[in-house]
Engineer: 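First the structure, which I've put down as structure tokens, then a few questions once you've had a look.
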Amino acid sequence: GFDDWLWKNAAYYASHGQDELVRTLQYAAKEPEQLALRQLSSVNLENDGLFNFISLRALNIHWQDPAEPSGDKRYWVTLSAALTDQRGLRFVMEILVNPDHSTSLLSITRAEAE
């Protein structure tokens, strides 16, 4: 389950000196739906309440290898939420959770038919 995934990842990254990642991951996992709803509220303010929250889909870690050999790997912690619009069409909202505990919208895309 999710708790097992979170515990294993947090323990792994903590043992590899990735404390900032662990803190960001733990913050995102504490109340992920609240973070998604807060970001959705901002989106809806700009779009006349276009979207409705359905559920949280995933909490992920994305890595990018350094462009230069001496650089550090970069990471992103993202939340993914399922939405519907006023016509009932389904969308996926991707949210970036930053190390300073702020969030920003990465994208809202039409979901593939399930």
Side-chain angles (χ1 to χ4, degrees):
F2 175 74
D3 290 337
D4 290 338
W5 177 87
L6 177 64
W7 183 86
K8 287 176 186 173
N9 277 286
Y12 174 82
Y13 293 120
S15 71
H16 286 80
Q18 297 286 338
D19 296 333
E20 183 177 82
L21 171 56
V22 171
R23 286 190 297 275
T24 305
L25 186 58
Q26 289 172 331
Y27 172 76
K30 186 175 180 182
E31 293 182 351
E33 284 188 5
Q34 292 302 324
L35 292 175
L37 287 169
R38 195 174 320 138
Q39 189 66 50
L40 180 59
S41 177
S42 296
V43 169
N44 277 336
L45 278 175
E46 298 173 11
N47 293 287
D48 296 326
L50 178 63
F51 296 104
N52 296 306
F53 181 80
I54 298 175
S55 63
L56 188 71
R57 291 171 48 112
L59 171 62
N60 290 306
I61 303 168
H62 302 278
W63 288 96
Q64 178 184 30
D65 288 322
E68 299 176 17
S70 61
D72 291 330
K73 270 188 166 184
R74 295 182 58 207
Y75 71 87
W76 293 267
V77 174
T78 61
L79 292 174
S80 176
L83 311 174
T84 59
D85 70 2
Q86 296 166 341
R87 298 171 295 168
L89 298 174
R90 295 175 76 88
F91 292 83
V92 176
M93 176 175 65
E94 297 289 335
I95 303 161
L96 175 65
V97 181
N98 298 300
D100 67 359
H101 297 176
S102 64
T103 60
S104 53
L105 179 66
L106 290 174
S107 65
I108 296 179
T109 56
R110 178 91 185 269
E112 298 293 324
E114 295 179 8

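Source: prediction; values computed, not measured.
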Engineer: Side chain to side chain contact (heavy atoms under 4.5 Å, CB included) with Gln18: which residues, sequence neighbours excluded?
Structural biologist: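 Side chain to side chain contact (heavy atoms under 4.5 Å, CB included) list for Gln18, sorted by chain: Tyr13, Leu21, Trp63.
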Engineer: Classify the ring geometry of His101 against Tyr27: parallel below 30°, tilted from 30° to 60°, perpendicular beyond 60°.
Structural biologist: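 Ring orientation of His101 relative to Tyr27: parallel.
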Engineer: Roughly how far apart are Met93 CE and Leu106 CG, rounded to 0.5 Å?
Structural biologist: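 Answer for the CE-CG pair, Met93 versus Leu106, is 10.5 Å.
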Engineer: Residues in side chain to side chain contact (heavy atoms under 4.5 Å, CB included) with Asn60, at least two apart?
Structural biologist: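 For Asn60, the residues satisfying side chain to side chain contact (heavy atoms under 4.5 Å, CB included) (neighbours in sequence not counted) are Ala58, His62, Thr78.
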Engineer: Measure the spacing between CZ of Arg23 and CG of Asp100 and express it to the nearest 0.5 Å.
Structural biologist: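 Separation between the atoms: 12.0 Å.
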Engineer: Got Tyr75 and Glu20 here, is their nearest side-chain heavy-atom distance under 4.5 Å?
Structural biologist: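 Yes - at least one pair of side-chain heavy atoms lies under 4.5 Å apart.
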Engineer: Among all residues two or more places apart in sequence or in another chain, which pass the side chain to side chain contact (heavy atoms under 4.5 Å, CB included) test with Glu31?
Structural biologist: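 Here the qualifying residues are Gln34.
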Engineer: Going through the checks in order, is the side chain to side chain contact (heavy atoms under 4.5 Å, CB included) test met by Thr103 and Arg38?
Structural biologist: CA-CA 9 Å; Thr103 60; Arg38 195 174 320 138; 5.7 Å; no
Engineer: Going from CG on Leu59 to CG on Leu25, what distance comes out if it is rounded to the nearest 0.5 angstrom?
Structural biologist: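 Here the interatomic distance stands at 5.5 Å.
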Engineer: What about Ile54 and Phe91, same hydrophobic cluster or not, with Ile/Leu/Val/Met/Phe/Trp/Tyr joined at side-chain heavy-atom distances under 4.5 Å?
Structural biologist: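 No, Ile54 does not connect to Phe91 through the hydrophobic network.
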Engineer: Which residues pass the salt bridge (Lys or Arg N to Asp or Glu O under 4.0 Å) test with Arg110, not counting sequence neighbours?
Structural biologist: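 None.
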Engineer: Please name all residues satisfying side-chain hydrogen bond (donor to acceptor under 3.5 Å, both in side chains) with Ser80, sequence neighbours left out, ordered by chain then number.
Structural biologist: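 Per chain and number, Ser80 pairs via side-chain hydrogen bond (donor to acceptor under 3.5 Å, both in side chains) with Glu94.
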Engineer: Of the non-hydrogen atoms in Val77 and Ala28, which two are nearest, and what is the gap between them?
Structural biologist: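 Reported closest heavy-atom pair: CG1-CB, 3.9 Å.
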Engineer: Quick one: pull up CG in Leu96 and CH2 in Trp76 and give me the separation to the nearest 0.5 Å.
Structural biologist: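 Reported value, rounded in 0.5 Å steps: 9.0 Å.
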Engineer: Sequence neighbours left out, what passes side chain to side chain contact (heavy atoms under 4.5 Å, CB included) with Asn52? Give chain and number order.
Structural biologist: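 Partners of Asn52 by the side chain to side chain contact (heavy atoms under 4.5 Å, CB included) criterion, ordered by chain and then number, come out as Thr84.
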Engineer: Working to the nearest 0.5 angstrom, can you tell me the gap between Asn98 CG and Thr24 OG1?
Structural biologist: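 One finds 8.0 Å between CG of Asn98 and OG1 of Thr24.
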Engineer: Do Val43 and Leu83 land in one hydrophobic cluster if side-chain heavy atoms of ILVMFWY residues count as linked below 4.5 Å?
Structural biologist: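 Yes; tracing contacts between hydrophobic side chains, which count when under 4.5 Å, links both residues.
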Engineer: Out of curiosity, Ile95 CD1 to Leu56 CG, how far, rounded to the nearest 0.5 Å?
Structural biologist: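 One finds 8.0 Å between CD1 of Ile95 and CG of Leu56.
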Engineer: Can any side-chain N or O of Asp48 pair as donor or acceptor with the backbone N or O of Leu50 at less than 3.5 Å?
Structural biologist: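 Side chain of Asp48 to backbone of Leu50: no pair is present.
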Engineer: Let me check something: do Val92 and Val97 share a hydrophobic cluster, defined by ILVMFWY side-chain heavy atoms less than 4.5 Å apart, either directly or through other members?
Structural biologist: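 Each belongs to a different hydrophobic cluster.
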